[in-house]
Amino acid sequence: MIVWLNGTHGVGKTTTAALVQQLLPDSHVLDAEKVGETLMDVSPGLPATDNFQHWDPWRPLVVDTARRVLDYTGGTLVMPMTVLVEAYWREIADGLAEHGIPVRHVVLHADRETLLARIAGEHAVPSPFRLQYVDAYAEAARTWLHAAAEVVDTTHLTPAQAARQVVDGRGVPAPGDAPASAATA
């Protein structure tokens with residue numbers, strides 16, 4: 001199965017993914033960003049974009065990479081990756097479902113003030129890339145994202161506490177889903 005950790009840039013997905021992996025026996029972390037980085041290395045370059053997720057090959061390559069890694073390793077893949085475009089998420093989720101791969105979609109959330117403070121605290125100059133997605137995340141959360149996933153509010157949690165909530169299935173389930181306690185990884 002896959003535990004997909006979604007949420008905006010800077011919320012703590014990569015840190016939490018490493019901690020979730022330590023808590024889940026027979027699990028591995030696969031960062032779908034590496035698929036995007038591979039596409040960024042195509043020479044001459046692919047059409048200009050501000051986000052590699054807009055390139056059509058990225059989404060099916062993520063599905064195929066995850067499927068092949070799972071076929072090879074078994075167990076659980078923990079995938080930290082921001083996906084804020086609903087159609088892109090649907091394409092990935094449907095592609096994984098076509099291969100019979102169950103996905104627990106978990107959104108790590110933090111309130112705006114906490115998120116901005118975390119981004120500001122990472123470097124001497126806050127990441128413009130991360131900052132540009134704060135509003136896009138808020139819009140996705142309001143319109144579809146929080147309804148399509150379990151939500152773990154990390155505003156007042158340490159990364160270890162967030163990871164424990166993910167593993168224990170204590171996110172708020174999406175409407176119509178099984179209770180979080182029944183959806184544990």
Side-chain angles (χ1 to χ4, degrees), residues 1-41 52-53 55 57-110 137 140 144-154 157-185:
M1 88 168 299
I2 291 174
V3 176
W4 191 290
L5 298 180
N6 204 341
T8 195
H9 304 280
V11 76
K13 293 178 306 298
T14 301
T15 301
T16 303
L19 295 168
V20 167
Q21 186 277 322
Q22 292 172 13
L23 294 170
L24 285 178
D26 197 25
S27 65
H28 297 83
V29 174
L30 173 63
D31 190 340
E33 186 169 335
K34 302 301 182 190
V35 175
E37 290 173 3
T38 298
L39 292 172
M40 290 168 54
D41 288 340
F52 57 70
Q53 291 185 19
W55 288 325
W58 180 76
R59 297 170 305 278
L61 283 171
V62 166
V63 169
D64 198 47
T65 302
R67 175 182 65 86
R68 290 179 183 276
V69 170
L70 271 175
D71 285 348
Y72 186 69
T73 64
T76 300
L77 280 183
V78 181
M79 296 184 66
M81 186 71 214
T82 299
V83 180
L84 300 180
V85 176
E86 184 176 11
Y88 296 174
W89 172 252
R90 192 56 25 227
E91 185 177 345
I92 291 166
D94 289 349
L96 294 167
E98 286 175 17
H99 293 289
I101 302 169
V103 177
R104 262 191 72 221
H105 185 198
V106 179
V107 172
L108 300 182
H109 173 80
Y137 166 75
W144 73 272
L145 185 58
H146 283 196
E150 298 172 45
V151 178
V152 173
D153 188 338
T154 69
L157 300 178
T158 66
Q161 291 169 326
R164 176 49 62 191
Q165 284 199 13
V166 169
V167 170
D168 290 347
R170 288 188 281 161
V172 177
D177 283 355
S181 60
T184 58

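Along the sequence shown, residues are numbered consecutively beginning with 1.
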Taking side chain to side chain contact (heavy atoms under 4.5 Å, CB included) as the definition, give me every residue that meets it alongside Pro57, ordered by chain and number, with sequence neighbours left out. Leu39, Trp55, Leu61
Once you measure the plane-to-plane angle for His109 and His146, does it fall in the parallel (<30°), tilted (30-60°) or perpendicular (>60°) bin? perpendicular
Heavy atoms only: give me the nearest Pro80-Val29 pair and the separation to one decimal. CD-CG1, 3.9 Å
With sequence neighbours excluded, residues passing side chain to side chain contact (heavy atoms under 4.5 Å, CB included) with Ala140: Leu84, Trp144, Leu145
Verify side chain to side chain contact (heavy atoms under 4.5 Å, CB included) between Phe52 and Thr38, making sure each step is shown before the conclusion. CA-CA 10 Å; Phe52 57 70; Thr38 298; over 6 Å; no
Glu37: salt bridge (charged side-chain N to carboxylate O under 4.0 Å, His left out) partners, not counting sequence neighbours: Lys34
Under the side chain to side chain contact (heavy atoms under 4.5 Å, CB included) test, which residues partner Ile2, sequence neighbours left out? Trp4, Ala66, Leu70, Leu77, Met79, Leu96, Ile101, Val103
Determine yes or no for a side-chain-to-main-chain donor-acceptor pair under 3.5 angstrom, with Asn6 supplying the side chain and Val107 the backbone. no
Which residue pairs satisfy the salt bridge (Lys or Arg N to Asp or Glu O under 4.0 Å) criterion with at least one member in residues 58-75, sequence neighbours excluded? Asp56-Arg59, Arg59-Glu91, Asp64-Arg67, Asp64-Arg68, Arg67-Asp71
Just wondering, do Leu5 and Val78 contact through their side chains at under 4.5 Å, heavy atoms? yes
Quick check: does any side chain N or O of Gln161 sit under 3.5 Å from a backbone N or O of Thr158, one acting as donor and the other as acceptor? yes
Donor-acceptor pair, side chain of Arg104 and main chain of Val166, under 3.5 angstrom: yes
Heavy-atom donor-acceptor pair, Asp168 side chain to Arg170 backbone, under 3.5 Å: no
If every non-hydrogen atom of Gln53 is compared with every non-hydrogen atom of Trp58, which pair is closest and at what distance? CG-CZ3, 3.5 Å
If a pair satisfies side-chain hydrogen bond (donor to acceptor under 3.5 Å, both in side chains) and one of its residues is in residues 8-28, list it, with sequence neighbours excluded. Lys13-Thr82
Run the numbers on Leu157 and Val152 for side chain to side chain contact (heavy atoms under 4.5 Å, CB included), then give the verdict. CA-CA 9 Å; Leu157 300 178; Val152 173; 4.1 Å; yes
